[in-house]
Structure formats: structure tokens, C-alpha cells
Novice: 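Below are the C-alpha cells for one structure; questions will follow.
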Amino acid sequence: MSADDRAVGEPERLHPLFLLTGLGGAIRGMAGGYAFIAYLAIRGQLETALFGAVALFVLLALGLVLYWRRFEYRVGESEIRIDSGIFSRTHRSIPFDRVQDVDISQGPVARLLGLAKVKFETGGSGGRDEGVLQAITLERAQQLRELVRSRRSSTAAAASQVEEADRPPVFAMDLPRLLLAGVFNFSLAVFAGLFGLTQTVGDVIGFDPFSRRFWDRVLSESAPIQAFILANRLIMAIAGVVSLVLIGLAAGIVRTVLRDYGFRLDRTDAGLRRRRGLLNRTDVSLPVARAQAAIVATGPVRERFGWSELKLQSLARDEGGSGDHVLAPLASAGETASVLEALGWRPLPEAIAWRRVSSAYVLILAVALVPIMLAGAAELAFVPIAGGLSILLPLGAIAVRWLAWRRTGYALDGDRLLIRTGWWRRRTLILPLRRIQSVDLAQSFIARWFGTASLVFGIAGAGAVQVNAIPALPEKTARALRRELLSSGP
């Protein structure tokens, strides 16, 4: 052992049961290979499929064993070092001064085995500088968290005199609130998944409920059922709609309970700490210093009852790798204000002088959809249903855009910018001016005809899908606002 190795402590390995908990992730990573093996089995090539399945499983198991044998971490006086890699070795040193906090998460199998995944949150915005221990005992994970907190430099926030366990939560959800949140999270994702499955393997297995031929075959095999359906078409249609609603509600409730069960948000010395999850239990720290923007999301129904969801855009990554963190899945206006105050941010004003965007926001979409509607009108005489849909769907999209335009606008509120967008998915972005890294002026060729432009804001930690922007501003207004925002930076 070298002197450097001795300086950072004795080597420790992941728990041996990582070979069990890590197997599921390895199998998911090779889902394509097992799908091909299943295809071979369906085609009758059972021996080839069996050999492929055994060979793939052996390779995965061997890879896990080698990874476990070659992975070590050492906890020293001022840093933690992680050595990993089977062939190409990586030696990563993470000084305690750089660690914002330690996140702990547990999947269902890990919870049964008393294991946890540990992630050291550092100042890196891209996730490359984060250190992760995939499977150690929960007791050791908690020890590491306390060790890191106790050894951070004096520049970190002073320790509180009140134990965190004795503090009241900033926000928490009981079971009735959790179930209500599930109702608002109505989802038909199960049908989308079923549709995708039947489109890929439906013909092979002979099951495609989205195909008319499937139902013709099923009904032809049962004359009484066919006669009943034909005689009660209206009742069956209503029953189908009610079934869709009930399944959508059930799916939303189940998904919400699994994700947000035991939701609790606490104030810590560095920021906020969020714990949630029924099967996958996560314990995530959200340092205030890494918060970039906040989002208050709601909808026409939720807003009518005074409910909204509060999210945080942060440099810290959540368990899914995103920078968007839910701080309050279903909160009242007062609860939202309390969470924002815990971050050190002002709540939203009761009265906001919104500046509405140009009506070209609607016209631009209408112009873009004109060719589709013209094609639909030409199809009406030949294919009435398809032609009608080609007209009605664009008109519906234009109507929704008009409703959204009535709510889309921006306001300058001291040292921050407020942006409100959407009608069905209503979203208010709270963006501190000091967090704006860039302001891009974007114009499509149609927008240039109307003399409008969009301002797109670059924010550290925002995901690739998440776009923070003010759409359809008059070009002169957009350029003036862009200059004002850039001149007000830190």
C-alpha cells in the first residue's frame, strides 16, 4: 500500500449483495438482447434462445463480479477516493469541502436487504463529478453522511443547534392529500404502453386489441356477446368511456403513491432535504446555493380548487438524472409560499402586472396548420373521417393556443423575472436575474413575417427538454428586454 493510499484510509468494497441488487439493472441494460431471445423462442428456435439466454446471463454475472472486485472506496481525513474500472482504472478524489451533501436512495430489493445507494453531491453541473456508491449498508451510508457534514470546512453553514428530527417539516403529505394528488395526476400511460407493445409483438403473439381484425375474430367466436354489443352500442360506448376514466384515475393514484408516499421536505443547514417513495425510497439534499429557478405548475381544475405543484430547477441531479426536483406535489398557495421562503426566496405577489405576448402567438400556429387543413378539405369527398379529423384537430390546437395566449406573459418583479405560460398545463417560472446565463433571440421564418421573436433563457441545470422562454414578443420589445436583462446581471 502506498503512502497516498494510507493517507485516505483503508479500502472498502461495495456490499457483496450488490451482486444481487445490481443484477436487475444489468438485465435492464440488456433488454434488447433478451427481447431478441424472446423473439427466437416465439419463432420456435428454443435451443438457440436457451443458449443465448444462458450465455447472456453468464456474461452479465461475470461483469458484475469483476466490477465488484475492482471497485474500492477509501474514506480519509479530508476526502473520499473512489477507484473503479475493470480494464481502464479511474481514481476519483472528492474533497469533503466540495461535497454539498450526501443523497441516500433505496430500491425495493435494497430496502429488504438493508442496503442503500449513496451519491455525493458536489459542485459539478453535469454530473461527471458526482461520486456514487451503488450498494453499501444503510448504517454505513448514514455514517458517511454524518461524517461529510461534520468535516466540511468552516466556510459551510454553521450547524444548527436544533436537531433536524425535532424540526417541523417545511412541507409534508398525509395519505388523503396523497390520494388527491393521484386523482389530479390522471394518466392513460398504461394504454400507451399497451399500444406500443401490441404494435411491436401483437401480430406475433396474436393479441392486438387496437386492431379491428382482432375484435372481429373475438366476437365471431361468441355469437351471444356479439349480439349483446350490437344491441346495446350506446351503453357499451358509455361503459368504455367510464372504464377509461376509472383506469386513468387508478393509474394516476398508483403512480403517485409509489413515487410520493411518505413525502417530507425539511430545512437543513445547506438547503432542503426531501424524502419520499414507497418501493424506491429516496433521501435527497437540495442545497440552496445550487437552486436556479422555481416552477409553480397547475391546471384549470387544480387551480380552481387552489392547488399547485412546486418544482425546483437545480444543479443537483435527482434519482432520474434530471435537474428538476419536486418540492411540493400538491400544495396550497400558503404552503407554496412557505417552501419558497425556506429557500430564501420571496413568494409570488398576490397581484402581478403581466405583460401579454403578441397575438401572433396564435396566428403563427394557425398559418403553420393551414396546409394540413387544406389537405383535409380535399380529402373530405373521398375519405370523410380522415379529412374531417385533418380539419378538426388543427382547429382544436388553434383553440387551445388561443386559450394559452390569454395567460401567456411575463413580469419583472425586482431582481427576478416571472414567466407565465400554458392553459391546460399552466406554468409560472420564477427566475432570479442573477441565474440567467444567456438570453437568445429566436425567430422562425413565420415569426419574421409577423415581426415577432422569442427570448430563450439559458439556465444552468435546466434539462435538454425543458425550455425556459417568452414566446412571440414584438421584435423591438424582445430586443429591448434582452438588453435590460443582460445589463442587470451580476
Side-chain angles (χ1 to χ4, degrees), residues 125-126 291-300 303 308-315 322-326 345 348-349 352-369 397-398 400-490:
S125 61
Q292 303 296 303
I295 301 168
V296 179
T298 185
E303 190 174 75
S308 62
E309 178 186 41
L310 179 62
K311 295 182 179 181
L312 184 71
Q313 288 186 355
S314 172
L315 294 177
S322 170
D324 286 354
H325 301 265
V326 176
W345 293 19
L348 286 172
I352 302 175
W354 294 108
R355 304 178 193 178
R356 188 182 294 177
V357 301
S358 169
S359 58
Y361 185 55
V362 182
L363 298 176
I364 290 171
L365 179 65
V367 170
L369 294 178
I398 294 171
V400 172
R401 175 61 67 89
W402 179 78
L403 291 171
W405 166 72
R406 291 169 57 86
R407 298 192 73 262
T408 301
Y410 70 97
L412 286 170
D413 181 34
D415 60 348
R416 62 187 185 177
L417 175 68
L418 307 179
I419 304 174
R420 186 175 69 170
T421 56
W423 173 74
W424 183 253
R425 294 185 175 182
R426 302 181 179 185
R427 179 176 178 270
T428 301
L429 175 70
I430 306 173
L431 177 57
L433 300 184
R434 66 182 185 279
R435 299 301 189 187
I436 298 177
Q437 295 189 332
S438 63
V439 184
D440 297 335
L441 191 143
Q443 285 181 296
S444 67
F445 70 95
I446 301 178
R448 285 198 295 269
W449 293 348
F450 290 96
T452 63
S454 298
L455 290 183
V456 183
F457 301 95
I459 306 172
V465 179
Q466 184 67 62
V467 177
N468 299 309
I470 306 175
L473 289 172
E475 185 175 354
K476 185 176 180 180
T477 301
R479 293 187 182 278
L481 180 59
R482 180 174 181 269
R483 287 194 297 270
E484 181 180 356
L485 294 177
L486 291 176
S487 64
S488 62

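All values below were derived from every heavy atom in this structure, side-chain atoms included, with hydrogens, water molecules and symmetry-related copies excluded.
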Novice: With rounding to the nearest 0.5 angstrom, report the CH2 to CH2 distance, Trp402 to Trp423.
Specialist: 11.0 Å

Novice: Is there side-chain contact between Leu412 and Glu484, with at least one heavy-atom pair below 4.5 Å?
Specialist: yes

Novice: I need the Ile364 CD1 to Ser359 OG distance, nearest 0.5 Å.
Specialist: 9.5 Å

Novice: Quick one: pull up OG in Ser438 and CD1 in Ile436 and give me the separation to the nearest 0.5 Å.
Specialist: 9.0 Å

Novice: Counting C-beta onward and ignoring hydrogens, is there a side-chain heavy-atom pair between Ser358 and Phe450 closer than 4.5 Å?
Specialist: no

Novice: What I'd like to find out is whether the side chain of Thr408 reaches to under 4.5 Å of the side chain of Tyr361, using heavy atoms alone.
Specialist: yes

Novice: Determine whether a donor-acceptor pair (N or O, by modelled atom type, separation under 3.5 Å) exists between the side chain of Arg434 and the backbone of Arg416.
Specialist: no

Novice: For the atom pair CD1 (Ile419) and CG (Asn468), what is the distance rounded to the nearest 0.5 Å?
Specialist: 6.5 Å

Novice: Given Leu369 and Ile398, is the side-chain contact (heavy atoms from CB on, under 4.5 Å) satisfied, shown in steps?
Specialist: CA-CA 9 Å; Leu369 294 178; Ile398 294 171; 4.0 Å; yes

Novice: Would you check, one step at a time, whether the test side-chain contact (heavy atoms from CB on, under 4.5 Å) holds for Ile295 with Arg427?
Specialist: CA-CA 7 Å; Ile295 301 168; Arg427 179 176 178 270; 3.5 Å; yes

Novice: Verify, without hydrogens or angle tests, whether Gln443 (side chain) and Thr452 (backbone) share a donor-acceptor contact under 3.5 angstrom.
Specialist: yes

Novice: Enter the distance from Trp405:CH2 to Leu363:CG here, rounded to the nearest 0.5 Å.
Specialist: 9.0 Å

Novice: Quick one: closest heavy-atom pair of Ala469 and Thr421, and the distance?
Specialist: O-CG2, 4.4 Å

Novice: Identify the heavy atoms of Leu310 and Ala294 that sit nearest to each other, and give their distance.
Specialist: CD1-CB, 4.4 Å

Novice: Below 30° counts as parallel, above 60° as perpendicular, anything between as tilted: where do the rings of Phe445 and Trp449 land?
Specialist: perpendicular

Novice: Flag the pair Phe457 / Ile470 as yes when at least one side-chain heavy-atom distance between them is below 4.5 Å, and no otherwise.
Specialist: yes

Novice: Going by heavy atoms in the side chains, are Leu348 and Ile430 under 4.5 Å from each other?
Specialist: yes

Novice: Can you list everything that forms a side chain to side chain contact (heavy atoms under 4.5 Å, CB included) with Arg483? Sequence neighbours excluded, please.
Specialist: Arg479, Ala480

Novice: Ignoring hydrogens, what is the shortest heavy-atom contact between Val357 and Ala472? Give both atom names and the distance.
Specialist: CB-O, 3.5 Å

Novice: Verify the neighbour count for atom CZ of Arg356: are there more than 12 heavy atoms of other residues, nucleotides or ligands below 6.0 Å?
Specialist: yes

Novice: Is there a side-chain contact between Ile459 and Gln313, using heavy atoms and a 4.5 Å cut-off?
Specialist: yes

Novice: Can any side-chain N or O of Thr477 pair as donor or acceptor with the backbone N or O of Leu473 at less than 3.5 Å?
Specialist: no

Novice: Does any part of the side chain of Arg407, heavy atoms only, come nearer than 4.5 Å to the side chain of Arg426, both counted from C-beta?
Specialist: yes

Novice: Arg482: which residues meet the side chain to side chain contact (heavy atoms under 4.5 Å, CB included) condition with it, sequence neighbours left out?
Specialist: Val439, Leu441, Leu455, Leu486

Novice: If the condition is side chain to side chain contact (heavy atoms under 4.5 Å, CB included), which residues does Ser454 pass it with, not counting sequence neighbours?
Specialist: Pro471

Novice: Cationic tip of Arg420 within the cone over Tyr410's six-membered ring, i.e. under 6.0 Å and within 45° of the normal?
Specialist: no

Novice: Any side-chain to backbone donor/acceptor pair from Thr298 onto Glu303? Under 3.5 Å, distance only.
Specialist: yes

Novice: I need the minimum non-hydrogen distance between Gly414 and Leu433, along with the two atoms involved.
Specialist: O-CD1, 4.0 Å

Novice: Leu418 and Trp354: which non-hydrogen atoms are nearest, and at how many Å?
Specialist: O-CZ3, 3.7 Å

Novice: To check you understand the geometry: which heavy-atom pair defines the closest contact between Leu431 and Gln292, and what is its length?
Specialist: CD1-O, 4.0 Å

